[in-house]
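Each remark here refers to the structure printed beneath this line.
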Protein chains: 2
Amino acid sequence: MSARSSALETLRAAGRRITPERDLLVRIIDRNPHLDATEIYRLARKTRPRIGLATVYRTLNLLKELGVVRASELGEAHRHYEVRGDEHVHLVCSECGRVVDVPAPKRLRAQAEARGFQVERYRLELIGRCADCAARCEES
Amino acid sequence: MSARSSALETLRAAGRRITPERDLLVRIIDRNPHLDATEIYRLARKTRPRIGLATVYRTLNLLKELGVVRASELGEAHRHYEVRGDEHVHLVCSECGRVVDVPAPKRLRAQAEARGFQVERYRLELIGRCADCAARCEES
DNA sequence: ATGGCTGCAAACACTTTGCATCGGC
DNA sequence: GCCGATGCAAAGTGTTTGCAGCCAT
């Protein structure tokens with residue numbers, strides 16, 4: 001099942017309406033991970049010029065509540081959204097801003113829970129230089 | 001050497017002035033980890049009522065540039081500041097908001113660097129219930 | 001047809017900036 | 001005394017909210 005149809009299904013199950021705006025936004029987030037609200041808005045307007053920024057924010061918050069997307073603040077910047085799948089770690093390049101995902105280590109959760117802390121979710125971002133940018137910095 | 005005097009030393013070394021405002025703000029951040037700008041401002045006004053919020057922000061940014069403090073967005077919220085010491089993980093309680101620090105595992109860095117990613121710094125927050133809140137939820 | 005959803009604009013919260021004054025060096 | 005730092009207020013961002021009309025159900 002695609003992330004898109006699963007998201008729409010979740011909406012339906014929660015008794016919320018499926019509107020063209022919501023469908024469009026889900027598709028955009030699904031296809032482009034790590035966009036912020038303004039970027040999502042910009043993309044959405046290409047398809048649906050009359051969509052409002054408020055709708056983007058309202059939809060993002062709704063999807064977040066329903067657990068369809070997750071928000072994270074990549075390297076000091078604004079809030080970025082992505083469909084929730086497996087837990088993973090963000091590698092954020094401080095040079096080009098590119099974001100690479102790597103699967104998350106299981107040990108973290110275990111360590112925290114050994115201290116009596118019940119982990120619900122986590123946010124992990126490593127900020128630094130991606131391989132490309134590191135190489136470019138070497139040569140110059 | 002205390003975090004405070006070390007911070008002031010860093011200011012001096014960078015050729016920046018040591019003002020009563022800066023000294024006060026460093027002391028506040030040092031004594032109370034995980035405060036946001038407004039909370040720091042509120043505390044600062046108790047001692048120095050005429051201090052401006054802009055000074056708080058300017059000082060926080062300066063200290064961040066100098067590497068004296070680090071900023072992180074705890075559990076969706078605003079930006080929080082703390083003096084930079086050892087790398088560590090934040091355990092953020094979703095119930096009471098309490099933040100517990102635990103030392104950071106070294107493996108993370110190694111894993112990322114195995115992929116050619118040069119880690120400069122990272123942000124890691126586990127959100128969930130602290131031991132106390134978990135216990136309280138059990139009994140009720 | 002009814003209530004949720006949208007677009008628009010105004011309100012909000014947080015952060016930065018312009019400028020005259022002040023004070024660390 | 002010089003120049004950086006401050007306080008105040010105004011401007012900038014990013015996000016939320018009030019409201020009249022619209023449309024999915």
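Side chains are part of it too, since the values below use all heavy atoms of this structure and drop only hydrogens, waters and symmetry mates. A, B, ... follow the sequence lines: proteins, then strands. Residue 1 opens every chain.
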Starting at atom OH of A:Y41, determine the distance to atom P of D:dT16, rounded to an integer number of angstrom. 16 Å
Grab the two heavy atoms, one from A:R17 and one from A:R22, that are nearest each other, plus how far apart they are. O-NH1, 2.7 Å
Candidates C:dC5, D:dG14, D:dT6 - which lies nearest the side chain of A:R22: C:dC5
Pairs under 3.5 Å (N/O, protein and nucleotides 21-25 of chain D):
unit_1	atom_1	unit_2	atom_2	d
D:dA24	O3'	A:I18	O	3.4
D:dT25	OP1	A:I18	N	3.3

For A:L11 and A:L62, what are the C-alpha separation, side-chain angles and deciding distance, and is it a side-chain contact (heavy atoms from CB on, under 4.5 Å)? CA-CA 9 Å; A:L11 275 176; A:L62 173 60; 3.8 Å; yes
Enumerate the residues from residues 44-52 of chain A whose closest heavy atom to DNA chain C is under 4.0 Å, giving them by residue number; use none for an empty result. A:R50, A:I51, A:G52
Restricting to nitrogen or oxygen on both sides, can you table the protein-nucleotides 9-11 of chain D pairs closer than 3.5 Å?
none

Quick one: OG1 on A:T10 to CG on A:L66, what's the gap to the nearest 0.5 Å? 7.0 Å
If you look only at pairs with a residue in residues 44-56 of chain B, which of them pass as a salt bridge (Lys or Arg N to Asp or Glu O under 4.0 Å), with sequence neighbours excluded? B:E21-B:R48
Could I get the full list of side chain to side chain contact (heavy atoms under 4.5 Å, CB included) partners for A:L53, not counting sequence neighbours? A:Y41, A:V56, A:Y57
Checking contacts here: which listed nucleotide (D:dT15, D:dC8, D:dA5) is nearest the side-chain heavy atoms of B:R58? D:dC8
Rounding to an integer number of Å, can you tell me how far A:L25 CG sits from C:dC5 P? 14 Å
Nearest-0.5 Å distance that lies between atom CD1 in A:I28 and atom OG1 in A:T59: 10.5 Å
Grab the CG-C1' distance between B:L53 and D:dA5 for me, whole Å please. 16 Å
A:I40 CD1 to D:dT15 P: how many Å, rounded? 10 Å
Would you call B:I29 and B:L60 a side-chain contact if the rule is heavy atoms closer than 4.5 Å? yes
Any side-chain heavy atom of A:E39 sitting closer than 4.5 Å to one from A:N32? no
If you measure from CG on B:L8 to OG1 on B:T19, what distance do you get to the nearest 0.5 Å? 9.5 Å
Per nearest nucleotide of DNA chain C, the residue lying toward the 5' end, A:G15 or B:Y57, is A:G15
Which atom names give the shortest non-hydrogen contact between B:A44 and B:L25, and what distance separates them? CB-CD2, 3.9 Å
How many angstroms lie between atom CD1 of A:I40 and atom CG of A:L35, to the nearest 0.5 angstrom? 5.5 Å
Terminal helix-axis angle for the helix from C:dA1-D:dT25 to C:dC25-D:dG1, with five pairs defining each axis and rounding to 10 degrees: 40°
Tell me: CG of B:L35 to C1' of C:dC14, nearest whole Å? 16 Å
d(CG, B:L60; C1', D:dT6) in whole Å: 15 Å
For a quick test of reading the model, state the closest non-hydrogen atom pair linking A:V26 to A:L63 and the distance between them. CG2-CD1, 3.9 Å
Below 4.0 angstrom from OP1 or OP2 of D:dT15, is there any side-chain N or O of A:N61? no
Short side-chain to backbone donor-acceptor contact, B:R4 and B:D30, under 3.5 Å: no
Give, for atom OG1 of B:T55 and atom CZ of B:R58, the distance between the pair rounded to the nearest 0.5 Å. 5.0 Å
Whole Å only: how far is the CG atom of A:L11 from the C1' atom of C:dT6? 15 Å
